[in-house]
Structures are given as C-alpha cells and as structure tokens.
Amino acid sequence: GGRRMGTLRSTRRQRQRAVLAALVILGLATGGFAFSIGLLAGNLQALTYDTFITGAPGKLSNLVTIVAVDDATIARYGTYPLPRQAYADLLTALKPLDPRTVAFDLAFYDDSPNPDQDRALAAAIKDAGNVVLAMQGAGSSLSRDGAAVYPAEALPIPMLRTAAAALGAVNIIPDDDGRARKSQLVIETPSGRYYALPLVATARSMAKGLQLVGDERAIKRTEGALVLPGRPGLADRVIPIDTGGSTTVYYAAPPATDLADQRSRAAPCSLPAEFCVVSLADVVAGSVPRALIANRTVFVGAHSVSAVPDSYPVPNSAKGKMFGVEIWANTAASIYANRFPLLHEDAVITLLELVIVLGGGILLIAPSRPVGFLGAPAALAPQGLLRFGPVRSASTKLIAEKISLSKALLPLNTSSPSTFAPGAPPRAMAATFVPCPVPSSEPSFPASSCIDAASQAARLPPPPPFPAAGAPHAP
C-alpha cells in the first residue's frame, strides 16, 4: 500500500510539472507574440513606467520657472485671449530679472486686431534677445528617420518670427490610453526640421551657462539619440529618441497646485515638490522675487486658468491632469538632470519580466507557498528601479555607448529654424488638425491647445534660414 501511494504521488508530481511547464511555455509564447505586435508597450511597460515614475520621480530642477497665464492675469487685462500688450509688458518686466531664456507656449499665428500691439511685442522680443516662440506641425504625422513628419505647419506671424531668437515645436502626442508620456523633440514640416520648445530653450540656457559647447544648432544626431555636446570636462546630454523623434519624459514633479490655492502661502514657489509657478500678472506688477527668475529657463503658458482646456493626464497625475506648459518644464528638467527613461524595453528584458511574473504565479498553485502572490510583482521592483530609479542618471552615458557613437555624428539642422516646441494638448490628442475654439482674430490662444486653420503655413511666408551651428546669430 505504501509503495502504491508513493507511486501515485510521484505520478501526480510529474503531471503537475508537465502542466506547469506547459503553462510557462504557453505564457512565454503568448508574451512573445504580444511583444512582437507591440501590445505590451501599451500596458505592461506603460504600467511599469507609470508606477516607478510616481514612486521614484526625477530630480526637480530649480532652473525652471513657469510664468502662468492664469485667472488673475485675465482679470488684470480684462479679456481672454490676452492682448499682445500683456506679453510685451511681461518681457519688459522680465528683462532686468535676467532669465537665460524665455519660451512661449502660446500661439502667435495670426495678426492681432491691434497692429500697434504686434509691433510693441516684436520690439520687446527683439530687445530681450532670448525669446523662443512656439510653432507646430499640422495634420496627421508620419514617423520617419527620427522625426515626426507633418504635411503642414503653423508659424508665428513674420513680424514676431524674425524678432525671435528661435522657434520651438509644441506638438504633444499622448499614448493610446490618453496619457502624455513622451515629448516630441524633432518634427519635420514643409519649411524644414524643428526641435521641441523645451529642447531649444534648455539648450540655449545651458549654452549661456557654459555647460554646453553651443545651443540647439550644435546638436549632433546619432542612430537613436540626440547629443548636446558638453564643454570639456562636462557631460554630454544624450537624449534617446524613437523613429518619430520622441523621447520618454522623466517626470520630476506632479501637477503644480493651482495658483489660486497658493495665494495664502507666505511666499511664492514655496512648495518644494512642485515646479515654481508664478502669475504673469505678478511678474508685470514687480512682485516676483528676482531669485525665482534670474539664470532660469522661463516657460510662459496657460496654467491655473479655468478658461483653457490645455491639460493632459500624465503618469504621475493620478486622476488629474497637467497643463501643457508643465510638460515642457518636466522635459527641460530631464535635460538638465541628464536623466531619460529607456524608450522601450527590448524583447529579452520583457520576456524576463514575464518569466518573473509567471514564476511567481506558479508558486500560487502550491497552497503552501502564498508568498508567490507577493513575490511575483515584488520581483519586478529591482528591474523597475534600475530602469527608472536613481541609478538611471548615473548610467545615462552608457546609452550613448550603446547607440553607435562610433558612427559619425551628423548635424540635425543647419539651414532651417533650429527650434522645436513641446506638444500641444488637444491638437496632440487627435494627432490631427484641431480647430481653435476662439475666433482667429484672437491670436494668443495657447499653442498647445489648437491650430487655427487660418494659421497654416501655406498662408505664411517661410521663415528666414537660421545660421549654421556655431555661426553668430542676431535675434
């Protein structure tokens, strides 16, 4: 009897092992197929990314300040969109505070109803000498050669375009689940290639701070990356990009508290876990401390405003949303910190994750090993920390070595405006042309919110060519 029982147990164990082996093989085969068609990129990898970005945020930079077109600013000027004079007032107030770069996430694609205000803003932009204006690709884009290719474009009016130091693209393309995880750094339009607004603004600020050998015109392109060369003894900024010119943003902070809710605080920008956000009205009034502006990259855009739907769900916004201008601030923080998540895990890493999860799941079959329930997801923690945690910044330089730096570095843009802007919310969510919800005569609607049909590049003369990398450039 005892021998028979032993034989039965042995047979049962063999059957269990066979079933478990079959389950593992089936799971890996299913996972491999899902990876090959890109299914896991939208769920398993996105879930891993969202979890660790929330739990291990990037380094918050005190080199970025957001000047908000908020409800208080609209109340000050009495209308929205704001008159162009408001932005001329802002630049006049900012100049003695010495920002390194001022980047506008606002659409100046049409003439103002008041030509004198257009001329006043153009004069203020030229006098500042460090202003980057928004442009954007229009229509459905195609990914090609490390850039998003658009059939049309929207550019600032010629008067402002020629006064600006550079242009920057503001296209945002959320993932299928609606969350904005990437920043579209390179786009191509009928008039040439452009870099994203945060890339242009940050490169110019770092060049002025003597951290880089030059601004965005010195960017080199490798297979799968953009390289901002550092000065001797300082690190290069190596930004991984996909075939569509996008990089995954290492979000450094959750959405900032609405300015109306910060009015009771003793001092502006006193929340250490959030980006510094100040009201445009307060800057114009002279009540913002110089320390919050001097030597910083300043982004100007809609924030803490109820009238503008310029916000997106992001990995660390929980059930809330983040204004588009804050997405650019997070992109800039990634560049300053030289910290970028991997765009996609390769097949080996993804299958390894599946093995870990399947292995933990198999332990659940044995009732005596409930630890498998916790062990399976917990085993992914070291891998997540390696990919998104503090080690990532230290290992960023290794990416460059993996990306064929032995190949010749090619200048990305020398003949067309060397600027690119961050992604726009509504226009990006559809990935197609989105009409403005305001009359085209109101030209200051946030660039990341819409594209006015009347503003397409076909109606505007092409921008003047920017000088080649290293050449003197008069704004």
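Residues Pro99 and Asn130 are in side-chain contact: their nearest non-hydrogen atoms beyond the backbone lie under 4.5 Å apart. Residues Leu63 and Arg100 are not in side-chain contact: their nearest non-hydrogen atoms beyond the backbone lie 4.5 Å or more apart. Between Ile187 and Thr189, some side-chain heavy-atom pair lies under the 4.5 Å cut-off. Proximity of Leu280 to Tyr87: side-chain heavy atoms (C-beta onward) are separated by under 4.5 Å at one or more points. A 4.5 Å side-chain heavy-atom check between Asp242 and Ser143 finds every atom pair outside the cut-off. Using a 4.5 Å cut-off on side-chain heavy atoms (C-beta onward), Asp105 and Val300 make no contact.
In terms of modelled atom types and a separation under 3.5 Å, the side chain of Gln262 and the main chain of Thr257 share a donor-acceptor contact. No side-chain donor-acceptor contact under 3.5 Å links Asp175 to the backbone of Gly178. Between the side chain of Asp98 and the backbone N or O of Asn295 there is no donor-acceptor pair closer than 3.5 Å. Checking side-chain atoms of Arg237 against main-chain N and O of Tyr336 turns up a donor-acceptor pair under 3.5 Å. Between the side chain of Glu216 and the main chain of Leu199, no donor-acceptor pair closer than 3.5 Å is present. Thr243 contributes no side-chain N or O that, together with a main-chain N or O of Gly146, makes up a donor-acceptor pair within less than 3.5 Å. Counting only distance, with no hydrogens or angles, the side chain of Ser317 and the backbone of Pro313 share no donor-acceptor pair below 3.5 Å. Using a distance-only test at 3.5 Å, with no hydrogens or angles considered, a donor-acceptor pair links the side chain of Asn330 to the main chain of Glu326. A donor-acceptor contact shorter than 3.5 Å links the side chain of Thr247 to the backbone of Pro240.
Salt bridge status for Lys321 with Asp258: absent, with no side-chain N to carboxylate O gap under 4.0 Å. Salt-bridge check for Asp116 with Arg84: failed, with every basic side-chain N at 4.0 Å or more from each acidic carboxylate O. A salt bridge is absent between Lys208 and Asp215: the closest approach of a Lys/Arg side-chain nitrogen to an acidic carboxylate oxygen does not fall below 4.0 angstrom. At a threshold of 4.0 Å, the pair Arg231-Asp236 does not count as salt-bridged, since none of the basic side-chain nitrogens sits closer than that to a carboxylate oxygen.
The minimum heavy-atom distance between Val305 and Val69, with the atom names listed, is CB-O, 3.5 Å. Contact record, Pro96 with Arg290: O-NE, 3.7 Å, taken as the closest heavy-atom pair. Between Leu155 and Tyr109, the shortest heavy-atom contact is O-CD2, 3.3 Å. Scanning both residues, Thr73 and Ala68, for their nearest heavy atoms gives OG1-O, 3.5 Å. For the pair Val200 and Ala166, the tightest heavy-atom approach, listed with the atom from each and the gap, is CG1-CB, 3.9 Å.
Going from atom CG of Leu121 over to atom NZ of Lys126 covers 13.5 Å, rounded to the nearest 0.5 Å. Within the model, atoms CG of Leu160 and CD1 of Ile125 stand 4.5 Å from one another, a figure rounded to the nearest 0.5 Å. Distance OG/Ser183 to CG/Asn171: 10.0 Å, rounded to 0.5 Å. We find the CZ-CZ distance between Phe299 and Phe104 to be 12.5 Å, quoted to the nearest 0.5 Å. Gln184 CD to Ile241 CD1: the interatomic distance, rounded to the nearest 0.5 Å, is 11.0 Å. Atom CG of Leu212 and atom CD1 of Ile219 lie 9.0 Å apart (nearest 0.5 Å).
Judged purely by distance below 3.5 Å, without hydrogens or angles, the side chains of Arg204 and Thr101 never pair a donor atom with an acceptor atom. Side-chain contact, Arg296 with Thr65: a donor N or O sits under 3.5 Å from an acceptor N or O. A donor-acceptor pair shorter than 3.5 Å cannot be found between the side chains of Thr202 and Thr297. Ser279 and Asp70 share a side-chain donor-acceptor pair at under 3.5 Å.
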Derivation of the salt bridge (Lys or Arg N to Asp or Glu O under 4.0 Å) call for Arg263 and Asp282: CA-CA 11 Å; Arg263 293 290 178 183; Asp282 291 340; 3.0 Å; yes
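Using cut-offs of 30° and 60° on the angle between ring planes, the pair His303 and Phe323 is tilted.
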